[in-house]
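Letters go in sequence order (proteins before strands), and every chain restarts at 1. Atom set for the values below is all heavy atoms of this structure, side chains included, hydrogens, waters and symmetry mates excluded.
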Amino acid sequence: MLKKRLIPCLILRDNILVQSIGFNRYLPIGKPEIAIEFFMNWDVDEIILLDINATKQNRKPNLKMIEFISKNCFLPLTVGGGINTIEDVRNVLKAGADKVSINTAAFSNPELIVESSKAFGRQAIVVSIDVKKNSSGDYEVFLGSGKKSTGFEPVEYAKKMESLGAGEILLNSIDKDGMKSGYDLSILKKVSDSVNIPVIACGGVGKMEHFVEGIQQGHASAVSAANIFQHIEQSTIVAKAILKKYGVDVRLISKANYDDFEFDEFGRVLKSPKIEKTTWY
Amino acid sequence: MERVVIIDYGLGNLNSVKNALDFIGYPAIISNKKEDIENADYLILPGVGAFSEGMKNLQSLGLIEILKKEVLEKKKPILGICLGMQLLAEESEENGIHKGLGFIKGKVERLKTNLRLPQVGWNNIIIKKDSILLKELPDDNFYFVHSFAFQEKIEDIVTSTCNYGNDFAATIQKDNIFGTQFHPEKSHISGIKLIRNFLNFKKEEKK
């Protein structure tokens, strides 16, 4: 059976891995290559790398870094940020990415999705959609880290991207980003149910149970998060253990076994599992 | 040291396959030159993309005759990955009927399923037959990205199947010809082990 995927999303700003809060506050974490080396061996199924200020700074994707990172990445690697032309797509894939994530250019130049899915196959084209509630309380697609309104309703927009040639949708909630209150399940479910391509949920995970909700209530094919993986020890392995506990079919590689462990509300392993008191003394 | 050639026919992420071989310790070359392919000990035919495009490129680069000679006559081991595996078939129904290399009897058909297509993600294989490729795998999950696959009826060559709504062939072997529908180069430790197994074929054969 096809497994549900767990995908850490690494957010880069000026080539430094950062934590993002509400798309406007950023806290530095460290070097991306070190994070990837760890994640590679921590039971994750894919890795997404997003360079969030490339487009804003009118910068091309950092091919040298992609080459360097993909050298030891034996998991599917999606790279996004600054991809505006078919040449950018070609270069990023050639540098070692397996998929590209396209956000702003999918809106401003939809032809790019048509052409690049024809040239490289739709499996290589992920369209990243940032949504938030607009001033009248309706969900809307936004660009430029949530600053530019598009007038598009997310379900219609996702369907349009599917018909243009997108192979997957990365759905990110701006309102939920960094809030630790869980995915925006209502829009996630609507989008997942209306397209026939996989939807990756992102934005808002604060505890491991949120991954389970994303799959079971939001109908996502894959669940992604950024911050939680950086700040909780053994985070990805624990996430898998909790997904398994709730009956989600996941791939388990790590030798660590958490079947009999207890977790606190954030998913931290409680160091002293419940043990019956013995009277050996 | 065995010489491995990754055949470059203009499709797919050839560097990921090379990265995996580098990691194992085989400095592979990416090439479509006749002499490189003739001098190789092992051939890898990777590929992502459309079947007809793949055949067209192999044809225009003059690789079909070279491959026939090396693989069918000289019995050089070859591993077809994803589209590379499908190209080994007689024909495919992707965007109309197209002829393949015909190294392996069988057809490539669209996955018969009501589930989302393409199939994207990790799925487990079910081993049907002993094959050096599948020896001592640390895990049975592999990374798939595809809408088409080998029909699984050709039982004598299907070494493992996978289920996505229906069963299809996940790996095949006919003597020196191997194929995987999934991407071993992106399948973490199991994939690395599988590629290493492929490169042990000649040693095992001598035993």
- Message: Would you say CG of B:Asn114 has more than 12 non-hydrogen atoms from neighbouring residues, nucleotides or ligands within 6.0 angstrom?
- Response: no

- Message: Heavy-atom pairs under 4.5 Å with chain B - which of A:Lys94, A:Glu46, A:Glu67 has more of them than the others?
- Response: A:Glu46

- Query: What part of B:Glu53 gets closer than 4.5 Å to chain A, counting heavy atoms only: side chain, backbone, both or neither?
  - Reply: neither

- Taking atom CD1 of B:Ile189 and atom CE of A:Met40, what is their separation to the nearest 0.5 Å? 9.0 Å

- Task: Step through the shown structure and confirm whether more than 12 heavy atoms of other residues, nucleotides or ligands are within 6.0 Å of NZ on B:Lys34.
- Result: no

- Message: I'd like to know if the side chain of B:Lys186 and the backbone of A:Leu77 have a donor-acceptor N/O pair within less than 3.5 Å.
- Response: no

- So with a 6.0 Å cut-off around NZ of B:Lys99, is the heavy-atom count from everything else above 12? no

- Do A:Lys71 and B:Asn15 get their side chains close enough for a donor-acceptor pair, meaning under 3.5 Å? no

- Task: May I ask you to decide if A:Val195's main-chain N or O and B:Arg116's side chain share a donor-acceptor pair within less than 3.5 Å?
- Result: yes

- Is there a side-chain contact between B:Val120 and A:Arg5, using heavy atoms and a 4.5 Å cut-off? yes

- Task: Measure distances from A:Ala95 to the heavy atoms of chain B and classify the residue's part below 4.5 Å as side chain, backbone, both or neither.
- Result: neither

- Task: Specify the closest pair of heavy atoms between B:Tyr164 and A:Leu2, including all atoms of both residues, with the distance to one decimal.
- Result: CE1-CD2, 3.7 Å

- Message: Using 0.5 Å steps for rounding, measure from the CZ atom of A:Arg122 to the OG atom of B:Ser147.
- Response: 8.0 Å

- So, the part of B:Val145 with a heavy atom under 4.5 Å from chain A: the answer is side chain

- Item | Region of A:Asp249 in contact with chain B, defined by heavy-atom distances below 4.5 Å | neither

- Message: Does A:Asn196, at its CG atom, have more than 12 non-hydrogen atoms belonging to other residues, nucleotides or ligands within less than 6.0 Å?
- Response: yes

- Message: Can you tell me how far apart CG (B:Leu117) and CD (A:Gln123) are? Round to the nearest 0.5 Å.
- Response: 13.0 Å

- Residue part contacting chain A, namely of B:Ile192, when any heavy atom lies under 4.5 Å: side chain

- Please report the shortest heavy-atom distance between B:Ala20 and A:Phe74, naming the atom on each side. CA-CE2, 3.5 Å

- Item | Within 6.0 angstrom of B:Tyr26 OH, more than 12 heavy atoms from elsewhere | yes

- Rounded to the nearest 0.5 Å, what's the gap from CG on A:Leu93 to CG on B:Leu14? Could you check? 11.5 Å

- Item | Atom NZ of A:Lys60 with >12 non-hydrogen neighbours under 6.0 angstrom | yes

- Over 12 foreign heavy atoms within 6.0 Å of CD, B:Glu2: yes

- Where A:Ser70 and B:Asn19 come nearest, the two heavy atoms and their spacing: O-ND2, 3.2 Å

- Message: How about NZ on B:Lys129, more than 12 heavy atoms from neighbouring residues, nucleotides or ligands closer than 6.0 Å, or not?
- Response: yes

- Item | Gap separating the CG atom of A:Leu75 from the CH2 atom of B:Trp122, nearest 0.5 angstrom | 5.5 Å

- Is a side-chain N or O of B:Asn123 found less than 3.5 angstrom from the main chain of A:Lys3, in a donor-acceptor match? no

- Task: Taking the side chain as every heavy atom from C-beta outward, state whether B:Val48 and A:Phe120 have any pair of such atoms under 4.5 Å apart.
- Result: no

